[in-house]
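Here is the naming used below: chain letters follow the sequence lines, and residue numbers restart at 1 for every chain.
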Number of protein chains: 2
Amino acid sequence: MRGQRRPEGRPAGGLGRRRGHGDGDTRQRILDEARELFADFGFDHVTVRDICQHAAANLAAVSYHFGDKLGLYLEVVRGAAEKMKVANEGVMAPEGTAPVDRLSRYIRVYLPRLMLVDQDRFGWIHHLMRQEMAEPTPGARIIMDEAILPRVRYLSAIVAELLGCAIDDPRVMRCVASIQSQCLFYLPDPFRDRVANWPERTARTAAAAAEHVLAFSLAGIEAVKGSG
Amino acid sequence: MRGQRRPEGRPAGGLGRRRGHGDGDTRQRILDEARELFADFGFDHVTVRDICQHAAANLAAVSYHFGDKLGLYLEVVRGAAEKMKVANEGVMAPEGTAPVDRLSRYIRVYLPRLMLVDQDRFGWIHHLMRQEMAEPTPGARIIMDEAILPRVRYLSAIVAELLGCAIDDPRVMRCVASIQSQCLFYLPDPFRDRVANWPERTARTAAAAAEHVLAFSLAGIEAVKGSG
DNA sequence: GCCTTCGTCAAACAACTGTTTTATACATCC
DNA sequence: GGATGTATAAAACAGTTGTTTGACGAAGGC
């Protein structure tokens, strides 16, 4: 009853051949504004009217170009998934690197990116992920498969090597959880900002936090290795 | 314009002297159902109609007894804060206990309680806290002050003692973050449940997770102590 | 015994939201 | 140059939500 009775894909091809009397980039403007708003407030807390107003588009444009609100949202999520694949490569060290160096790179790149997410060009992606974790939508599966699972697999391989055990040893997942939870904890959060002594978000404190998590985790892994 | 034009406090005193033709415990029934529903779905996702239907009360009863929806919610949060104070005592070891033992007790009590929150009589409190962290309401301050800050202070004292440094040393907060983030990561989460190898929630796996976090963290603290 | 207060109820209100309808202007195709 | 399809616009629609209204009955105070 709802969905593909309208174009749903990009209605006009690429070649700038705009048809109709609009300026033709309404779809793109909506997409851009929706990305920002969804990332900042989550699917439920953004109205179609909000988006269209920010995009200077008519209310019906969302239905027309994306079928419905969820269609627009999933388009945003799909765009995020693409970028996440690229971003994931940034935290992964080349094949053959020693496990300690791979873990080091992972934490030193990933944690500051999370902590300084507001200064990051693609920071909206992490905001979107946070919103999805807070209240999942049908877009959750995409984010899970494109962003989270690859990281878990990558980290698991490193940890298994460090522990010198099979990748499905229960200790591996627990160590991965310990590392990942520490990193995620540095995502900006109005709650934590109200804790005294909680670090400001600067490049310096982010680097310090990364060094801490790295040292903390390497020692932790070593300890867990002993108590096999 | 909105607020105290109606009773707002409990309208009738304690002594069972019910007046009017109602059964007199409507207020309590609403409070009970609201607690469950708010904890499960969060403030925004529960409607006054939901609550009243579950409580077999009239729609207007919320306005009458609590002023408005937020008034009811804050009443629930205040009730949670009371219980949290008691719960906090359960994770704290008596004065004079060695820091390692205090940390040990903290993690061994706190983590399983989080992980098995659904089997806990007061598990709804943690659900409520999670909802508040996901999307804060005016109740966030109460939860912050009554539940989170006391724990941070308690943990900080332990860690400072273990590190042998002042409590406001930046390393202390980073270690507290590492410990707390690891514990919180074991809160039930539909996302994590979809990760292969993520442990089931049983008493056994919860205990194993606690032992892991304890060993991991003690080693981590020791490492951080060295790199002072 | 009257009157006030309390608790409850059904109904309505007002605001908001996602979606649909209808109309219209423009470009392209035949 | 009319037919067709595209893109936009204004308005209306239908559903939900928090809140308020006005009425009614039962207890307590005097």
In whole angstrom, give the distance that lies between atom [atom1] of [X] and atom [atom2] of [N].
X     : N      : atom1 : atom2 : answer
B:L59 : C:dC13 : CG    : C1'   : 12 Å
A:R27 : D:dA9  : CZ    : C1'   : 19 Å
B:K69 : D:dT17 : NZ    : P     : 9 Å
B:L37 : D:dG18 : CG    : C1'   : 16 Å
B:L70 : D:dT17 : CG    : P     : 18 Å
A:L72 : C:dT17 : CG    : C1'   : 15 Å
B:Y64 : C:dA10 : OH    : P     : 17 Å
B:F66 : C:dT8  : CZ    : P     : 11 Å

message = What contact category does A:A61 fall into here, base, sugar-phosphate, or nothing, at under 4.0 angstrom with non-hydrogen atoms?
response = nothing
note = Residue pairs passing the side chain to side chain donor-acceptor pair (under 3.5 Å) test with at least one member in residues 114-130 of chain A, sequence neighbours excluded, are A:D118-A:H127
task = Hey, could you give me each pair passing side chain to side chain donor-acceptor pair (under 3.5 Å) that has a residue in residues 137-149 of chain B? Not counting sequence neighbours.
result =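 Passing the test, one end in residues 137-149 of chain B: B:E132-B:T137.
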task = Find which nucleotide of DNA chain C each of A:D44 and B:A57 is nearest to by heavy atoms, and output the residue with the more 5' nucleotide.
result =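 So the residue in question is B:A57.
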Residues, nucleotides or ligands: over 12 heavy atoms within 6.0 Å of B:E135 CD =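 Atom CD in B:E135 is crowded, with more than 12 foreign heavy atoms closer than 6.0 Å.
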request  = Inspect the contact between A:R29 and A:D32 and indicate whether a charged nitrogen and a carboxylate oxygen are less than 4.0 angstrom apart.
outcome  = no
ask   = Does a side-chain heavy-atom distance below 4.5 Å link B:T202 with B:T205?
value = yes
task = Please round to the nearest 0.5 Å and tell me the distance separating atom CG of A:L155 and atom OH of A:Y106.
result =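 Result: 4.0 Å between the selected atoms.
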Side chain of A:A60 - closest among C:dG7, C:dT20, D:dG18 =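 Closest nucleotide to the A:A60 side chain: C:dT20.
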ask   = Hey, does the side chain of A:H65 come within less than 4.0 Å of D:dT8's phosphate (OP1/OP2), counting only N and O?
value = yes
task = Could you give me the CA-CA distance, side-chain angles and deciding distance for B:E75 and B:R35, then say whether salt bridge (charged side-chain N to carboxylate O under 4.0 Å, His left out) is met?
result = CA-CA 9 Å; B:E75 192 70 22; B:R35 194 158 33 229; over 6 Å; no
key: Close residues, residues 47-56 of chain B, relative to DNA chain D [heavy-atom separation under 4.0 Å]   =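 Close to the strand are B:T47, B:V48, B:R49.
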inquiry  = Looking at the base of C:dA10, is there any donor atom on it, or on the side chain of B:N58, that sits under 3.5 Å from an acceptor on the other one?
reply    = yes
